[in-house]
Amino acid sequence: MGNDGGSIAERAELVKLKKPEKRVESYLVAKQRAQFCSLTKERLRKPIACCRVGYLYNYDSLLKAFMDKKIPQELKHLQNMKKVKKLNITENPDKNNEFPFVCSISQKALNGKDKFLALWTCGCVFNKKLIKDLKIKELKCPICNKEYTDKDIVQLCPTNEDAEIKKAQVQKEIQLKDKQKEDQKQSFKVSDAIENLEQQQKKKICTEECKIMRKAMDNNKLQNLQNQGQDVKKNEIYQSLFHQQHKLEDNLFTRNVRFGNR
């Protein structure tokens, strides 16, 4: 299909392509997560907790949900209260502001647009730009100065895409830990079986040795009894010699002499 000067027109020039739809989430979803509890959809109020994915919760509501066993399927990564962290977060001094919390140092609002971080070690919450602004090179909390690792960093109020990626990571970690626990249980079972087998063998050897010792003791007792019997017989024979001599001497003549009858 020729055009000016023999150039070939592309499909994009001839056909109007449908513009890609903009995803509704992004800032609006992150903004809602900065304002409302991800569990009850109520306005956030202290005390506040977060999970590894970065969702914010009213701590009291979360605790009640665990006690009543009413955790929804979309929050299945919350297995127990150990999977959440109570946050050290600062309330917004402007009570009329739509965002209830701010960074304690920069006083910037946790609005879902600016990236805020929470540390799993200490629970402190701060604006991510604070690390760059303060030129912090060491992995220490800018609020409490406590050390942390990269695994302790949780980005709060994530978009849906970031949340799904984080959920997959958390689920993978849970499966890995479960597998390690199962392998550990199996190793314990094997070690217990080996230990029980060794104990049984030891008991068997002990019982056999006890039988041999008892038999030897019985033989010794029998031998001692036989020896004692022989000794008794010898003593009786020896004593009988004197008794017989006494009997032989104890005749009529000796009796008459003994009693004065001659």
Side-chain angles (χ1 to χ4, degrees), residues 23-92 98-104 109-128 141 143 146 148-186 188:
R23 296 185 179 179
V24 182
E25 53 96 17
S26 191
Y27 171 63
L28 292 177
V29 174
K31 180 181 176 181
Q32 289 179 353
R33 286 176 178 157
Q35 292 174 294
F36 304 102
C37 173
S38 296
L39 176 66
T40 61
K41 308 306 177 186
E42 297 175 352
R43 186 170 172 81
L44 288 169
R45 61 185 183 276
K46 292 185 77 170
I48 298 295
C50 78
C51 62
R52 285 286 187 179
V53 178
Y55 295 161
L56 296 176
Y57 310 91
N58 291 326
Y59 186 82
D60 297 335
S61 301
L62 191 61
L63 186 61
K64 188 177 183 301
F66 272 114
M67 292 175 67
D68 297 338
K69 296 181 179 179
K70 292 182 179 179
I71 301 296
Q73 185 64 22
E74 60 268 19
L75 299 177
K76 63 180 181 180
H77 61 281
L78 298 177
Q79 295 179 321
N80 49 52
M81 288 300 290
K82 291 181 180 179
K83 301 299 181 182
V84 297
K85 181 68 178 179
K86 204 170 182 179
L87 298 179
N88 176 23
I89 195 167
T90 304
E91 290 182 334
N92 196 333
E98 59 179 333
F99 300 109
F101 301 106
V102 296
C103 173
S104 60
L110 175 59
N111 53 19
K113 185 178 181 181
D114 298 328
K115 290 185 178 180
F116 270 67
L117 304 179
L119 299 180
W120 204 261
T121 49
C122 56
C124 293
V125 177
F126 53 90
N127 194 317
K128 187 177 180 181
C141 175
I143 297 172
K146 190 173 183 178
Y148 64 91
T149 62
D150 292 333
K151 291 182 179 180
D152 298 321
I153 300 172
V154 179
Q155 183 177 327
L156 300 178
C157 307
T159 62
N160 284 343
E161 287 182 354
D162 294 338
E164 290 302 321
I165 293 170
K166 195 63 181 177
K167 278 183 182 179
Q169 292 177 354
V170 171
Q171 198 64 30
K172 191 175 180 180
E173 289 176 2
I174 291 171
Q175 291 175 355
L176 183 63
K177 285 183 179 180
D178 291 341
K179 187 179 179 182
Q180 288 176 350
K181 286 181 181 178
E182 190 64 29
D183 293 342
Q184 195 173 12
K185 284 181 181 178
Q186 291 296 332
F188 283 150

Minimum heavy-atom separation for [X] and [Y], please, with both atom names.
X: N111; Y: Y27; result: O-CE1, 3.8 Å
X: K146; Y: T121; result: NZ-O, 3.7 Å
X: A163; Y: R33; result: CB-NH1, 4.2 Å
X: A34; Y: L44; result: O-CD1, 3.5 Å
X: S61; Y: T40; result: CB-CG2, 3.7 Å
X: F116; Y: V125; result: CD2-CG1, 4.0 Å

Working to the nearest 0.5 Å, report the span between [atom1] of [X] and [atom2] of [Y].
X: K41; Y: N58; atom1: NZ; atom2: CG; answer: 11.5 Å
X: D152; Y: L117; atom1: CG; atom2: CG; answer: 12.0 Å
X: N160; Y: K167; atom1: CG; atom2: NZ; answer: 8.5 Å
X: R52; Y: K85; atom1: CZ; atom2: NZ; answer: 9.5 Å
X: C157; Y: Q35; atom1: SG; atom2: CD; answer: 9.5 Å
X: E173; Y: H77; atom1: CD; atom2: NE2; answer: 12.0 Å

Report yes if the side chains of [X] and [Y] come closer than 4.5 Å at any heavy-atom pair, otherwise no.
X: K172; Y: V170; answer: no
X: F101; Y: L56; answer: no
X: C50; Y: L156; answer: yes
X: C103; Y: L110; answer: no
X: P72; Y: L39; answer: yes
X: C124; Y: N88; answer: yes
X: Y55; Y: C37; answer: no
X: I153; Y: L119; answer: yes

Worksheet item: Going through the checks in order, is the side-chain contact (heavy atoms from CB on, under 4.5 Å) test met by Y57 and L78?
Response: CA-CA 12 Å; Y57 310 91; L78 298 177; 3.7 Å; yes

Item to complete: Please check if atom NZ in K46 has more than 12 non-hydrogen atoms from other residues, nucleotides or ligands closer than 6.0 Å.
Response: yes

Worksheet entry | Greater than 12 external heavy atoms within 6.0 Å of K83's NZ | yes

Discussion item. Set out, in order, the CA-CA distance, both residues' side-chain angles and the distance that settles side-chain contact (heavy atoms from CB on, under 4.5 Å) for W120 and K151, then state yes or no.
Written reply: CA-CA 8 Å; W120 204 261; K151 291 182 179 180; over 6 Å; no

Fill in: Side-chain ion pair, D162 and K166, N-O less than 4.0 Å
no

Worksheet entry | Contacts of I165 that satisfy side-chain contact (heavy atoms from CB on, under 4.5 Å) - sequence neighbours left out | Q169

Practice prompt. Begin with the C-alpha distance, continue with both residues' side-chain angles, and end with the deciding distance and a verdict on side-chain contact (heavy atoms from CB on, under 4.5 Å) for K69 and I71.
Written response: CA-CA 6 Å; K69 296 181 179 179; I71 301 296; over 6 Å; no

